[in-house]
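Down below is the structure, laid out as structure tokens.
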Amino acid sequence: MNLSKLSKLLRENPNWEDENVRSVLIEQLTIADDEGQCRVGGISGPHVEDLADSILSCGQMCPITIDENNVVVEGNHRLKAVQLLSRRT
């Protein structure tokens with residue numbers, strides 16, 4: 001989910017976040033398919049680094065979308081960035 005989609009959902013339903021977002025430990029999340037990314041070639045290391053820097057300075061702006069089994073549906077790069085940050089500390 002990108003920021004514009006999230007913003008649209010929140011405009012349409014101000015309670016969307018309370019109804020749909022929950023906290024999950026990163027250790028509980030899995031990436032089923034690195035190749036299932038929008039970006040050709042799967043996970044991009046430089047993009048993960050950029051996201052990690054952005055998350056560190058601005059916070060995580062968009063949630064990671066997961067299914068009922070905690071498999072990442074959208075946000076593989078965000079998960080990798082958060083994992084990278086957790087290893088840095």
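Because the structure is predicted, anything quoted here is derived from the model rather than measured.
- Side-chain atoms of Ile55 and Met61, non-hydrogen and from C-beta on, never get closer than 4.5 Å to each other.
- With rounding to the nearest 0.5 angstrom, the SG atom of Cys62 is 4.5 Å from the CG atom of Leu3.
- Proximity of Thr65 to Val72: side-chain heavy atoms (C-beta onward) are nowhere separated by under 4.5 Å.
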Could you go through Leu84 and Val48, starting from their C-alpha distance and side-chain angles, then the distance that decides it, and tell me whether this counts as side-chain contact (heavy atoms from CB on, under 4.5 Å)? CA-CA 8 Å; Leu84 176 64; Val48 170; 4.3 Å; yes

One pair to check against side-chain contact (heavy atoms from CB on, under 4.5 Å): Ser4 and Lys8. What are the steps and the verdict? CA-CA 6 Å; Ser4 63; Lys8 181 180 181 223; over 6 Å; no

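- Inter-residue side-chain proximity for Ile64 and His77 is flagged as unmet; no heavy-atom pair is nearer than 4.5 Å.
- Taking CD1 of Ile31 as the reference point, atom CG of Asn76 lies at 4.0 Å (rounded to 0.5 Å).
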Output, in order, the C-alpha distance, side-chain angles, deciding distance and verdict of side-chain contact (heavy atoms from CB on, under 4.5 Å) for Val71 and Ile66. CA-CA 5 Å; Val71 176; Ile66 60 174; over 6 Å; no

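- The shortest non-hydrogen separation linking Gln83 to Ser86 is O-OG, 2.7 Å.
- The pair Glu49-Arg88 counts as a salt bridge, with a side-chain nitrogen and a carboxylate oxygen less than 4.0 angstrom apart.
- Of the inter-residue distances, the one linking Thr30 atom OG1 with Leu79 atom CG reads 9.0 Å to the nearest 0.5 angstrom.
- Ala81 approaches Ala52 most closely through the heavy-atom pair CB-N, 3.6 Å.
- Val24 and Leu85 fall within a single hydrophobic cluster, where Ile, Leu, Val, Met, Phe, Trp and Tyr are joined by side-chain heavy atoms under 4.5 Å apart, directly or via other members.
- Between the Asn15 side chain and the Asp18 main chain, no donor and acceptor come within less than 3.5 Å of each other.
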Run Ile26 and Lys80 through side-chain contact (heavy atoms from CB on, under 4.5 Å) and show every step you take. CA-CA 9 Å; Ile26 61 172; Lys80 293 284 190 180; over 6 Å; no

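- No donor-acceptor pair closer than 3.5 Å links the side chain of Arg78 to the backbone N or O of Gln60.
- Using a distance-only test at 3.5 Å, with no hydrogens or angles considered, no donor-acceptor pair links the side chain of Ser54 to the main chain of Asp50.
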